[in-house]
Every structure is written in C-alpha cells, then in structure tokens.
> 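I have a structure I would like to understand better, so I am pasting it below and will then ask my questions one at a time.
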Amino acid sequence: MGILNVTPDSFSDGGGLRTVDDALRQAETFIEQGADILDVGGESTRPGSARVSADEESRRVAPVIEAIAKRFDIPVSVDTSKSAVAEQAVAAGAEIINDISAMRFDEGIGEVAARKKTGLVLMHSRGEFESMHNQPEISDIIGEVCTVFHSAIAKAARFGIEPNSIVLDVGIGFSKTQDQNLELIAKLDKLAAEFPDYPILVGTSRKSFIGKILNNAPVDERLMGSLATAAIAIWNGASIVRVHDVKETVEAMTLLAVLKDQL
Ligand code: 7PM
C-alpha cells in the first residue's frame, strides 16, 4: 500500500489542480513500482496537528481519488476517520476506508462501509484525535490490541459489514511506547494467530520509533529500518504494509515471498 498524502505541506497547495497533477504522477510511479493499493490521505495525524474540517478534507482527497480511479485500475483507500469524507471519497472511486480510529471518532464510518460495501481497515489507537499521541501507558499491549480488535469486529458486524471486508491494523506509533511498537512487530505472529480470518496491515514506514533506534535518524534516513520492520511484519503474518517507498519495499517483499515458499 503506497502512501499518497494530499496535505498542503506535502504538495504545493492541497486540493488545487497542481495537487491533482502531482498526485497522479505519484500514483503512476507507485503503480509502476508495484503498489497494489494507493492510500490517499488529506489530514495529518502528526502529534500536535490540528483537525481539518470534513469539507476541507474532502476537497483535498476527492478530486485526487477521482482522477486516479479514472486513469488507473488500482484499488484506492481513503485514510480518514470522518464518515462525510469517506462518503465523498467512495463516491469519487475509493474502494477501501482506512480508519485510524476503528470507528471510534465517527460511527458513521461503519454505516458508509456497510452501505457502500467497501473494504474497511480497523486500526488500533486510543484516546481522542487531539490526545491520541498522549495516552497513559498500558501494560499488556498485545492483549489490549486483541481486545480492541474483537470489539471493533463486533461493531462492524452490527453495521452489517461482511467479515471478508475487514482488515486489522495494530497502529504502530499510535499511543504506544517505544517497546510496545517493537513488541507488536516482533510478536505479530501471536496476533495473527488470534485473527486467522483477517488480513493484517502494518504501517511502520519512516516512523519515529525507527529513528529512535538509529541514533535519532531523521525521516529521510529511515528507509532501511522501514524495510527491516516491514519484512519482519510480513514474515510474522501481516498481509499488507503501508509504505512511502514502494520500489524498495516491493523488492524486499519479493525476496520474502520466495523465502516463504521454501518453508
Ligand atoms: C504523524 C504520525 C504523521 C503518524 C503521520 C503518521 C497509519 C495509518 C497513518 C498506520 C493505517 C504515517 C502516520 N499511519 N493508517 N495512517 N496504519 N492503516 O506515518 O499505521 O503515515 S498516519
């Protein structure tokens, strides 16, 4: 899954023609490099970032999704926790809703996913949007993520979402300690064994827990760490990795696939 950010800080404006053009170029590159899904997001979940309105977020992502859907034959996911944005994104051609709150911020996400029969990524996170990166520590992270997955799956069922539309995500970097981020990747096989019917998505790409291990490496020096963690996640049972560096990840994953075949 290639990450396509459509925020004003990532592209020239955010919603304008330049943005659509830049995003299309990026989409084409990702597709040529072997991406299977494009994840389009219009709101930064960076610690301390302010929320943008649903209208503003839709203005950013919908034109980009529409342009991609028109030109390319690749599933597009929309990285949003707002049902109004999901609705617009799906109307524009998105087939998957990627919700970092697993329907906690806006229950309407479940309703849209059910009615439009989209895929739905349920990611583990805690707290409200503003306090998400500042939550009290919990002791058993694997147990906590398991519990939240079970309740999110049950909630999805109440909305009438098909089980085979659901993808689970441990939410690396979201209200977890450094050790917990590492533990979730190292012991992902335990979680995967608990949820054999659901594909697991993992997003480690360029995240700060990698920088912390590598002598505070800045974001542009976290590629090798990103590849190592993506590889271990897939080896431990993940089916999808959400990444900035598609070419390098596809190469690494190609090796993993042939190695897995040897088992
Ligand atoms: C600051 C903090 C900026 C975190 C950006 C981020 C995930 C996601 C994000 C993930 C799924 C990033 C994240 N992370 N969706 N959206 N899984 N499903 O690094 O791990 O892109 S935002």
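Every number for a ligand or one of its atoms is a count from 1 in the order of the listing.
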> What atoms in ligand 1 come closer than 4.0 Å to a heavy atom of Asn98?
11 (C), 15 (N), 18 (N)
> Record the part of Arg242 in heavy-atom contact with ligand 1 below 4.0 Å; permitted values are side chain, backbone, both and neither.
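Only the side chain of Arg242 comes within reach of ligand 1.
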> Please verify the inter-ring angle class for Phe195 with His150; under 30° counts as parallel, over 60° as perpendicular, anything in between as tilted.
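It falls in the tilted class, 30° to 60°.
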> Does either side chain, that of Ser81 or that of Ser101, offer a donor lying less than 3.5 Å from an acceptor on the other one?
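The answer is no; no qualifying pair exists.
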> Enumerate the atoms of ligand 1 whose separation from the nearest heavy atom of Leu201 is less than 4.0 angstrom.
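Counting from 1, the qualifying ligand atoms are 18 (N).
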> Under a 4.0 Å N-O cut-off, is there an ion pair linking Glu56 with Arg51?
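No.
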> Do Glu95 and Lys116 sit within salt-bridge range, that is, some charged N less than 4.0 Å from a carboxylate O?
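Looking at Glu95 and Lys116, the cut-off is not met.
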> Which of the numbered atoms in ligand 1 are below 4.0 angstrom from a heavy atom of Val121?
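Atoms satisfying the 4.0 Å criterion: 18 (N).
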> Which atoms of ligand 1 sit under 4.0 Å from any heavy atom of Ile100?
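Counting from 1, the qualifying ligand atoms are 8 (C), 15 (N), 16 (N).
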> For ligand 1, is any non-hydrogen atom under 4.0 Å from Asp79's backbone (N, CA, C, O), its side chain (CB onward), both, or neither?
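The answer is the side chain.
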> Counting both backbone and side chain atoms, is some N or O of Asp169 under 3.5 Å from an N or O of ligand 1?
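N/O-N/O distance under 3.5 Å: yes.
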> So for ligand 1, is Ser205 a polar contact partner (N or O within less than 3.5 Å, distance only)?
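N/O-N/O distance below 3.5 Å does not exist for this pair.
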> Where on Thr204 is there a heavy atom closer than 4.0 Å to ligand 1, on the side chain, on the backbone, on both, or on neither?
neither
> For Arg206, is there an ion pair with Asp245 - N to carboxylate O distance below 4.0 angstrom?
yes
> Any Lys/Arg nitrogen of Lys70 or Glu66 sitting under 4.0 Å from an Asp/Glu carboxylate oxygen of the other?
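Between Glu66 and Lys70 there is no salt bridge, as every charged N stays at least 4.0 Å from the carboxylate O atoms.
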> Could you tell me if the side chain of Ser208 sits less than 4.5 Å from the side chain of Arg222, heavy atoms only?
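Side chain of Arg222 against side chain of Ser208, heavy atoms only: contact under 4.5 Å found.
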> Heavy-atom pairs closer than 4.0 Å: do any link ligand 1 to the side chain of Asp39, the backbone, both, or neither?
neither
